[in-house]
Structure formats: structure tokens, C-alpha cells
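Before anything else, here's the structure in question.
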Amino acid sequence: MKNLIIYKSNTGFTKEYAEMLARRIVPSEIIDIKKINKKKLKEADNIFFGGPLRNNVILGLNKFLKYYDKIQDKNIFVFATGIEPITDEKRENVIFTNGLDCYHIRFYLLQGGMDLSRMSKIKRNFMFMAMKTAAKKEGISEDLIKQRFETPINFVNSSNLDRMVDVYHRVNITKR
């Protein structure tokens with residue numbers, strides 16, 4: 001059984017999940033989306049793709065789905081990481097925004113994190129300005145925003161993968 005885990009990560013949270021998944025789905029090969037190729041995809045029985053969310057869009061998903069016609073007969077698992085709490089409404093919004101209902105895949109939302117120190121300077125400055133603007137509208141002090149800005153949030157946890165790993169084992173039990 002060959003398992004391929006492909007990820008796109010901007011600040012490292014999605015990569016953390018991909019690495020955790022590789023330890024739980026053995027054997028697995030893990031690659032960055034930049035190194036995706038047809039040969040690896042054809043050889044795999046199970047393919048996992050993970051990417052970060054930005055405004056409900058799964059980054060890197062379009063590049064991954066360019067190969068869908070070559071892998072549609074495989075078990076495909078897609079996961080997305082984001083800072084927002086996971087709700088049914090959030091899940092539906094992500095599915096709709098990315099057109100995932102048009103594909104035969106299994107989809108999972110995982111809470112990631114936010115660590116502005118991992119972002120590029122341009123993104124960090126943009127985030128700070130957006131947070132200041134939002135805080136001003138809500139009457140929140142700039143000191144509180146600066147504190148929030150300097151405190152990383154990390155919800156990455158191996159147990160968040162339990163459902164995906166259980167489904168992986170269920171769909172592969174007959175192939176053993």
C-alpha cells in the first residue's frame with residue numbers, strides 16, 4: 001500500500017499536520033506541493049493533500065486538482081488548516097468556495113494556528129494593520145492588539161487527525 005502526503009504550508013502549521021499524519025499512516029511519502037509529479041501520484045494508492053485556508057480558499061488545492069483526472073480512482077483525502085473554530089457552517093463554506101462537491105474526495109478541517117513571526121514582513125505588516133483597524137472599530141486598545149500580535153496561537157494536535165486516520169484504515173481494510 002503506497003501512501004502519498006502532499007502539503008502546501010505558509011507558516012508551518014499544515015506541514016506539522018502532514019508530518020504527524022506520515023507518522024500515523026505508515027508507510028508514507030511526504031512532499032511539498034512544489035515537488036508534485038504524475039509518477040508519484042500514479043504509484044500511490046492513497047493520496048492526502050493539505051493546505052492552509054485564506055478566506056475559505058485552500059491554498060495549493062488548484063495545483064493539486066490539476067491532476068484529478070489521473071488520480072480520481074484513488075482514495076483522496078483533503079485537509080485544510082485554519083485559525084477559525086471548526087463548525088458545520090465553516091465546513092460548508094470551504095466546500096462551496098473550493099468546489100469540493102464536484103470531486104470524489106474525503107474532506108477534513110483541522111484547526112491550525114497563527115504565529116505572525118512565521119510570516120513574511122509584508123504579510124506581518126498587513127495583518128497588524130488589519131488587526132489595528134478591526135480593534136479600533138470594536139473599541140479594543142492598541143496595547144491589547146500588540147500583545148495578541150506577539151503571542152502565537154497553535155491548535156495543532158495529533159488527535160485532530162483521528163477521524164481522517166480512522167477513515168483511512170476503514171477504506172483500506174479490504175485491500176490488506
Side-chain angles (χ1 to χ4, degrees), residues 5-22 24 30-36 47-68 76-167:
I5 301 169
I6 304 161
Y7 70 90
K8 158 105 175 107
S9 191
N10 287 340
T11 56
F13 298 105
T14 306
K15 183 178 181 184
E16 284 180 52
Y17 274 122
E19 291 168 347
M20 287 177 187
L21 187 60
R24 294 183 63 181
I30 181 171
I31 62 170
D32 188 295
I33 187 77
K34 296 172 192 163
K35 297 180 182 174
I36 193 172
I47 301 169
F48 297 81
F49 172 77
L53 284 173
R54 182 179 302 144
N55 298 325
N56 291 331
V57 174
I58 305 170
L59 302 182
L61 183 66
N62 284 343
K63 184 172 184 175
F64 173 71
L65 290 177
K66 284 181 185 176
Y67 298 95
Y68 184 75
I76 303 170
F77 300 79
V78 172
F79 64 93
T81 62
I83 190 66
E84 289 183 49
I86 297 166
T87 63
D88 290 341
E89 181 181 3
K90 177 68 175 175
R91 187 176 196 289
E92 291 303 315
N93 287 339
V94 173
I95 289 169
F96 177 78
T97 302
N98 293 277
L100 295 178
D101 50 345
C102 298
Y103 299 94
H104 182 69
I105 62 163
R106 292 168 177 88
F107 174 64
Y108 305 86
L109 267 178
L110 307 174
Q111 246 188 322
M114 184 187 280
D115 184 348
L116 299 174
S117 69
R118 295 182 183 186
M119 294 180 182
S120 69
K121 188 174 182 175
I122 292 170
K123 286 182 184 174
R124 197 169 41 245
N125 287 340
F126 177 76
M127 287 294 293
F128 184 65
M129 294 306 293
M131 289 169 78
K132 269 178 65 173
T133 302
K136 197 177 225 179
K137 286 181 183 175
E138 296 295 321
I140 299 171
S141 76
E142 195 169 317
D143 289 339
L144 189 59
I145 293 303
K146 285 180 183 174
Q147 180 185 4
R148 171 74 288 166
F149 194 77
E150 295 168 357
T151 307
I153 302 169
N154 187 344
F155 294 112
V156 175
N157 188 313
S158 182
S159 66
N160 294 340
L161 296 169
D162 288 351
R163 186 163 170 245
M164 186 176 2
V165 172
D166 289 346
V167 171

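Keep in mind the model is a prediction, meaning the values are calculated, not measured.
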- Message: So which atom in Pro52 and which in Thr14 form the shortest heavy-atom distance, rounded to 0.1 Å?
- Response: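 Nearest heavy atoms, Pro52 then Thr14: N-OG1, 3.5 Å.
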- Got a second to check how far Thr87's OG1 is from Asn93's CG, nearest 0.5 Å?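 Answer for the OG1-CG pair, Thr87 versus Asn93, is 7.5 Å.
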- Query: With sequence neighbours left out, what residues match Phe77 under ring-ring contact (aromatic ring centres under 6.0 Å, His included)?
  - Reply: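 By the ring-ring contact (aromatic ring centres under 6.0 Å, His included) rule, Phe77 matches Phe48.
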- Message: If I take atom CD1 from residue Ile5 and atom CD from residue Glu19, how far apart are they, to the nearest 0.5 angstrom?
- Response: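 The CD atom of Glu19 is 10.0 Å from CD1 of Ile5, to the nearest 0.5 Å.
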- Message: In the structure I gave you, are the side-chain heavy atoms of Leu21 and Tyr7 within less than 4.5 Å of one another anywhere?
- Response: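 A side-chain contact under 4.5 Å is absent here.
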- Message: According to ring-ring contact (aromatic ring centres under 6.0 Å, His included), who are the partners of Phe64, at least two apart in sequence or on a separate chain?
- Response: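 So Phe64 forms a ring-ring contact (aromatic ring centres under 6.0 Å, His included) with Phe49.
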- Task: Tell me, please, which residues at least two apart from Lys123 pass salt bridge (Lys or Arg N to Asp or Glu O under 4.0 Å).
- Result: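 Partners of Lys123 under the salt bridge (Lys or Arg N to Asp or Glu O under 4.0 Å) test: none.
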- Message: Going by the rule side-chain contact (heavy atoms from CB on, under 4.5 Å), which residues pair with Glu138 if we only count those two or more places apart in sequence or in a different chain?
- Response: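 Expected list: Ile140.
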- Taking the side chain as every heavy atom from C-beta outward, state whether Leu116 and Met131 have any atom pair closer than 4.5 Å.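 Leu116 vs Met131: side chains touch.
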- Do Asn157 and Ser159 have side chains that get closer than 4.5 Å, going by heavy atoms?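 Side-chain contact under 4.5 Å: yes.
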- Check side-chain contact (heavy atoms from CB on, under 4.5 Å) between Lys137 and all other residues, then give those that pass, not counting sequence neighbours.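 Expected list: Thr133.
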- Working to the nearest 0.5 Å, report the span between CD1 of Ile95 and CZ of Arg91.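 Going from CD1 on Ile95 over to CZ on Arg91, the span is 4.0 Å.
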- Query: With a 4.5 Å heavy-atom cut-off, do Asp162 and Val165 have their side chains touching?
  - Reply: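 SC-SC contact between Asp162 and Val165 ruled out.
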- Would one find more than 12 heavy atoms of other residues, nucleotides or ligands at under 6.0 Å from atom CZ of Arg54?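 Open: at most 12 neighbouring heavy atoms sit under 6.0 Å from CZ of Arg54.
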- Query: If you draw a 6.0 Å radius around CG in Asp166, do more than 12 non-hydrogen atoms from other residues or ligands fall strictly inside?
  - Reply: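 Counting other residues, nucleotides and ligands, CG of Asp166 exceeds 12 neighbours.
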- Message: Using the salt bridge (Lys or Arg N to Asp or Glu O under 4.0 Å) criterion, which residues pair with Lys132? Sequence neighbours excluded.
- Response: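 With neighbours one apart ignored, the set is Glu142.
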- By salt bridge (Lys or Arg N to Asp or Glu O under 4.0 Å), which residues pair with Glu92, not counting sequence neighbours?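 Expected list: none.
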- Item | Residues in side-chain contact (heavy atoms from CB on, under 4.5 Å) contact with Glu84, at least two apart in sequence or another chain |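 In terms of side-chain contact (heavy atoms from CB on, under 4.5 Å), with neighbours along the sequence ignored, Glu84 is linked to Lys90.
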- Message: Restricting to salt bridge (Lys or Arg N to Asp or Glu O under 4.0 Å), what partner residues turn up for Asp32, sequence neighbours left out?
- Response: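 Checked Asp32 against salt bridge (Lys or Arg N to Asp or Glu O under 4.0 Å); zero matches.
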- Task: Enter the distance from Phe126:CZ to Met129:CE here, rounded to the nearest 0.5 Å.
- Result: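 Reported to 0.5 Å precision, the distance equals 10.0 Å.
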- Message: Using side-chain heavy atoms (C-beta onward) and a distance below 4.5 Å, is Asn154 in contact with Glu16?
- Response: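 They are in contact (side-chain heavy atoms under 4.5 Å apart), so the answer is yes.
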- Quick one: OG on Ser9 to CD1 on Ile33, what's the gap to the nearest 0.5 Å?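 It comes to 12.0 Å.
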What side-chain donor-acceptor pairs closer than 3.5 Å can you find for residues 98-112, not counting sequence neighbours?
unit_1, atom_1, unit_2, atom_2, d
Asn98, OD1, Ile58, N, 3.0
Asn98, ND2, Asn56, O, 2.7
Asn98, ND2, Val94, O, 2.8
Gln111, NE2, Ile83, O, 3.2

- Item | Interatomic spacing from NZ in Lys63 to NZ in Lys34 - rounded to 0.5 Å |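 Interatomic distance, Lys63 NZ to Lys34 NZ, rounded to 0.5 Å: 8.5 Å.
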- Tell me, yes or no, whether the heavy-atom count around Arg24 atom CZ, taken from other residues, nucleotides or ligands under 6.0 Å, exceeds 12.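 For Arg24, atom CZ is crowded (more than 12 foreign heavy atoms under 6.0 Å).
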- Excluding sequence neighbours, so at least two apart, what forms side-chain contact (heavy atoms from CB on, under 4.5 Å) with Ser117?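 side-chain contact (heavy atoms from CB on, under 4.5 Å) list for Ser117, sorted by chain: Asp115.
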- How would you list, by chain and number, every residue that makes a ring-ring contact (aromatic ring centres under 6.0 Å, His included) with Phe128, sequence neighbours excluded?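 Phe128 satisfies ring-ring contact (aromatic ring centres under 6.0 Å, His included) with Phe149 once adjacent residues are dropped.
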